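Bear in mind that the values here come from a model prediction, so they are computed numbers and not experimental data.
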Amino acid sequence: HRSSLARWLNTAGAVAFLGHVACAFHFHHQWSHSVAYSDTAKQTAELVGWNSGIGLYLNYCFTVLWLGEVIWCWMAPTSHARRNQWLSRIIRGFFFFMIFNGAVVFVRGPIRWLGLIICLTLVVCWWRSWRRNEITTERVHRNP
C-alpha cells in the first residue's frame with residue numbers, strides 16, 4: 001500500500017537525519033550548541049556573506065517538525081492523510097528548503113550531485129502525490 005510505504009520511508013529518513021545530527025554534534029561540535037552555532041555562522045558568512053547562525057535554529061525546527069510528522073503519521077494516519085493541502089505544502093516547502101540547503105547549497109564536491117538527485121526525486125514524488133490528489137478531488141466533485 002502506497003501510504004504505508006510513504007510512512008516507512010518518512011520514518012527511515014527521519015532516523016537517518018537524526019543519525020546525521022548526532023554524528024555532526026559528536027564529531028564536529030563536541031555536543032556544544034555554541035560551537036555548532038559558531039560553525040553555522042562561519043559557513044553562512046563564507047557562502048553568503050551574512051555572519052549568522054540562525055540556520056542552526058532552523059535545523060532545530062526542521063528536526064522537531066519532522067519528528068512531529070512521523071509521530072502524527074503513525075499515531076493518527078487517517079488524520080495525517082486528510083489534513084489540509086495548504087498545510088502539507090507549507091511543510092513540504094520548508095522541508096525542501098532545508099534539504100536543498102543542507103544537501104546542495106552548503107555542500108561541496110560530488111556529494112552535491114547526490115543532493116541534487118535527492119531534491120529532484122522529492123520534487124517528482126511530491127508532484128505525483130499532488131497530481132494524484134487533484135485527480136481524486138476532480139472525480140469526487142464530478143461524481144457526487
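Legend: residues meeting side chain to side chain contact (heavy atoms under 4.5 Å, CB included) with Ile117, ordered by chain and number and at least two apart, are Thr121. Residues satisfying the side-chain hydrogen bond (donor to acceptor under 3.5 Å, both in side chains) test with Thr40, not counting sequence neighbours, are none. Every residue was checked against the side-chain hydrogen bond (donor to acceptor under 3.5 Å, both in side chains) condition with His28, not counting sequence neighbours, and none meets it. Under the side chain to side chain contact (heavy atoms under 4.5 Å, CB included) criterion, Leu114 pairs with Ile118, not counting sequence neighbours. Evaluation of the side-chain hydrogen bond (donor to acceptor under 3.5 Å, both in side chains) rule for Trp127 yields no partner, not counting sequence neighbours. Contacts of Ser34 classified as side chain to side chain contact (heavy atoms under 4.5 Å, CB included), with partners at least two apart in sequence or in another chain: Ser32. Partners of Phe94 according to the ring-ring contact (aromatic ring centres under 6.0 Å, His included) rule, which considers only residues two or more places apart in sequence or in another chain, do not exist here. With sequence neighbours excluded, no residue forms a side-chain hydrogen bond (donor to acceptor under 3.5 Å, both in side chains) with Ser38.
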Which donor-acceptor pairs under 3.5 Å do side chains of residues 71-82 form with protein atoms, sequence neighbours excluded?
from  : atom 1 : to    : atom 2 : distance (Å)
Trp72 : NE1    : Ser79 : OG     : 3.1
Trp74 : NE1    : Thr11 : OG1    : 2.6
His80 : NE2    : Glu69 : OE1    : 3.2

Only pairs under 3.5 Å count here: list side-chain donor-acceptor contacts from residues 98-113, not counting sequence neighbours, and write none if there are none.
from   : atom 1 : to     : atom 2 : distance (Å)
Asn101 : ND2    : Phe97  : O      : 2.8
Arg112 : NE     : Val104 : O      : 2.8
Arg112 : NE     : Val107 : O      : 2.9
Arg112 : NH2    : Val104 : O      : 3.4
Arg112 : NH2    : Val105 : O      : 3.4
Arg112 : NH2    : Val107 : O      : 2.6

Donor-acceptor pairs under 3.5 angstrom involving side-chain atoms of residues 50-58: please list them, not counting sequence neighbours.
from  : atom 1 : to    : atom 2 : distance (Å)
Ser52 : OG     : Ile54 : N      : 3.1
Tyr57 : OH     : His33 : NE2    : 3.2

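In terms of hydrophobic clustering, with Ile, Leu, Val, Met, Phe, Trp and Tyr side chains grouped at heavy-atom distances under 4.5 Å, Tyr37 and Trp31 are assigned to a common cluster. Hydrophobic clustering keeps Tyr60 apart from Leu67 (ILVMFWY residues linked when any side-chain heavy atoms are closer than 4.5 Å, directly or through intermediates). Criterion: ILVMFWY side-chain heavy atoms under 4.5 Å apart, direct or through other members. Under it, Phe95 and Trp86 are part of a common hydrophobic cluster. In terms of hydrophobic clustering, with Ile, Leu, Val, Met, Phe, Trp and Tyr side chains grouped at heavy-atom distances under 4.5 Å, Val15 and Leu9 are assigned to different clusters.
Counting only residues at least two apart or in different chains, salt bridge (charged side-chain N to carboxylate O under 4.0 Å, His left out) contacts with residues 25-35 are absent.
Side-chain contact between Leu47 and Lys42 is absent, with no heavy-atom pair separated by less than 4.5 Å.
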Exercise. When you look at Val35 and Phe25, which way does the side-chain contact (heavy atoms from CB on, under 4.5 Å) test go after all the steps?
Worked result: CA-CA 9 Å; Val35 171; Phe25 266 88; over 6 Å; no

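In this structure, Cys61 SG and Trp66 CH2 are separated by 15.0 Å, a value rounded to the nearest 0.5 Å. A distance of 7.0 Å separates CG of Leu122 from CZ of Phe96, quoted to the nearest 0.5 Å.
For the residue pair Arg83 and Ser88, the shortest heavy atom distance occurs at NE-OG, 2.8 Å.
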